[in-house]
Amino acid sequence: MVDDAAPGSTTNDSYCDATITHSPTTAPFVVSPLPKRGWGDEEHHDVVADTGDLSSVPSEVMESLKIEDETTLEEPIDSNITAVTTGDTPYSSASTFEDLNLSKELLKGLYVEMRFHKPSKIQAISLPMILTPPYKHLIAQAHNGSGKTTCFVLGMLSRVDVNLKAPQAFCICPTRELAMQNIEVLKKMGKYTGITSECAVPADSANYMPVSKRPPTTAQVVIGTPGTIKKWMSGRKLGVSCVKILVFDEADHMLGEDGFQDYSLRIMRDIERSSSHFQVLLFSATFDENVKNFVSRVVKDYNQLFVKKEELSLESVKQFKLICPNEQTKIRVIKDRIFELADKLGQTIIFVGTRKSAGVLHKALVDLGYDVTTIKGAMTNDIRDKIIKEFKDGLTKVLISTDLLARGFDQQQVNLVINYDLPLKHDPSSQAMKYRSSSSSEPNFEVYLHRIGRAGRFGRKGAVFNLLCGDQEIKRMDKIQKHFGSEVIEVRDTDEDIEAALKSAGLI
DNA sequence: AAAAAAC
């Protein structure tokens, strides 16, 4: 399974190029080629210039792994993942799931329950790294909707010893909704394995139980949010001595200064104290330089997979901008252009910047007689669950959301994302923002990318409309375009323009 | 109040 061609000259400290490619390559650390008939075999992609110690690799074409019944997916997007490994363990790319030495129960889950046929690109590269001793840490970046969840869920399931009735795999997620979504995937994929799991998130009213009354967790996999996991751990209801794999989903946010850094570090240290050796997996579509530098200090000796930011915007999701003279116009655009076409479209998520504007927009649309639901943090867990369920069941077509759903939310019917407000960077240095308002804020590139990634899951068609009001928003949009080098097409507020845009995005 | 989690 491993490639013996790796040269012995490789020292532990040197970065080696783990090239996963369809074409013959002379990289020292070649992982075996993907199958001959992968997408993009016809084209030859240029080798990208080296950047520092990261050797670049020839482009490969990402595969859409998830093929549902009769659905045919369009040509998948190009992806260019750079793999960097340390040490002398050679890794073979997995062209089939059989290559991974998975249990037959797990394979059955992949094929029968998940209906997967073969690994996507990120899975082909990352799974051998996750599953091969000495189980090195991994920092993995991959496009939105490319199958990251499968990577770490499969990693957790295959590393758990089903005969050991104790928690062995943890996954920490930034929101309750994401944790619940991930555990659903785990349950489905692991259906035949007998592996037990539990979701550690704040309970809804029906399931509330004070920590002190809770029996110690025996589930082998625990997926949850940082606060609840920590709470269970400090209440001695969640043992960590058998933990051998710790996953951070949306890892840049979980370890970012602006995110859950403190929680994540404390959880990691607690596990470190009683579990001698465990593997840390960090997955996200985005890792800005700050976070990258930070994680390289906390996690030692790791393998890594990265994508250049210019290649992160999904080509299957077309981006548009619409300049609105005032805020009222934004609401009218949504009313006239979106709801009037809603029957022809799939589902839509409208992102707003604050809880308050979520409420304002919700009220405005409901007052106009439109059927819309809203999700935000300031809601009871019961209501949040209900709103999500209705949306996932397709009962509601348009959902207003704060950045609560910006990351990870996977609903394949969503093909339209509306940025009612552009996401902004929070600048803690300027406390006296009151008078300056937020007009000087920079756009938050990472959140922008995560938001638009809610459309175009697994290579499906999608569109994003950015509603811009005023010079500041126009300027921010320009910065976003520059940052990703992506094209954002301006459309006017006319039936013809909007329809042409949706048509060119393949939505109608 | 930026949002999120959750103290």
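FYI, side chains are in, hydrogens and waters are out, and symmetry mates aren't considered; it's all heavy atoms of this structure. Every chain is numbered from 1, with letters handed out A, B, ... down the list of sequences.
- If you take CG of L361(A) and P of dA2(B), they are 19 Å apart, rounded to a whole angstrom.
- Residues in residues 166-184 of chain A take part in these side chain to side chain donor-acceptor pair (under 3.5 Å) pairs, two or more places apart or across chains: R176(A)-D385(A), E177(A)-R384(A), Q181(A)-K392(A), N182(A)-D249(A).
- The side chain of K231(A) lies closest to dC7(B), out of dC7(B), dA6(B), dA3(B).
- Put simply, CZ on R451(A) is 12 Å from P on dA3(B), counting in whole angstrom units.
- Phosphate contact (OP1/OP2 of dA6(B), side-chain N/O of T228(A), threshold under 4.0 Å): present.
- Non-hydrogen atoms lying under 4.0 Å from DNA chain B are contributed by D258(A), F260(A), Y263(A), all within residues 258-265 of chain A.
- For E177(A) and dA4(B), the CD to P distance is 9 Å, given to the nearest whole Å.
- Across the protein-nucleic acid pair, M233(A) atom CE and dA5(B) atom P stand 19 Å apart, rounded to whole Å.
- The interatomic distance linking E250(A) (CD) with dA3(B) (P) rounds to 19 Å, in whole Å.
- A donor-acceptor pair is defined here as one N or O able to donate and one able to accept, closer than 3.5 Å; such a pair exists between the side chain of T196(A) and the backbone of Q220(A).
- For E446(A), the salt bridge (Lys or Arg N to Asp or Glu O under 4.0 Å) criterion is met by no residue, not counting sequence neighbours.
- Partners of R332(A) by side-chain hydrogen bond (donor to acceptor under 3.5 Å, both in side chains), not counting sequence neighbours, listed by chain and number: D336(A), D493(A).
- The ring-ring contact (aromatic ring centres under 6.0 Å, His included) check on F287(A) picks up F306(A), with sequence neighbours excluded.
- Here N207(A) pairs with D204(A) under the side-chain hydrogen bond (donor to acceptor under 3.5 Å, both in side chains) rule; sequence neighbours left out.
- When heavy atoms are screened at a 4.0 angstrom cut-off, R407(A) is found touching no nucleic acid atom at all.
- D403(A) has its CG atom 9 Å from the P atom of dA3(B), to the nearest Å.
- Of the residues in residues 347-357 of chain A, those placing a heavy atom less than 4.0 Å from an atom of DNA chain B are G353(A), T354(A), R355(A), in numerical order.
- Distance F409(A) CZ to dA3(B) C1': 17 Å, rounded to the nearest Å.
- Between T225(A) and dA6(B), a side-chain N or O to OP1/OP2 separation shorter than 4.0 Å is present.
- Rounded to a whole Å, the CD1 atom of I388(A) is 12 Å from the P atom of dA4(B).
- Remark: R384(A) is in phosphate contact with dA5(B), judged by side-chain N or O atoms under 4.0 Å from OP1 or OP2.
- Residues satisfying the ring-ring contact (aromatic ring centres under 6.0 Å, His included) criterion with F170(A), sequence neighbours excluded, are absent altogether.
- The salt bridge (Lys or Arg N to Asp or Glu O under 4.0 Å) search around K309(A) returns none, not counting sequence neighbours.
- A cation-pi contact, defined as under 6.0 Å to the ring centre and within 45° of the axis, is absent between K230(A) and Y263(A).
- For the pair I229(A) and H253(A), nearest-nucleotide mapping onto DNA chain B gives the more 5' position to H253(A).
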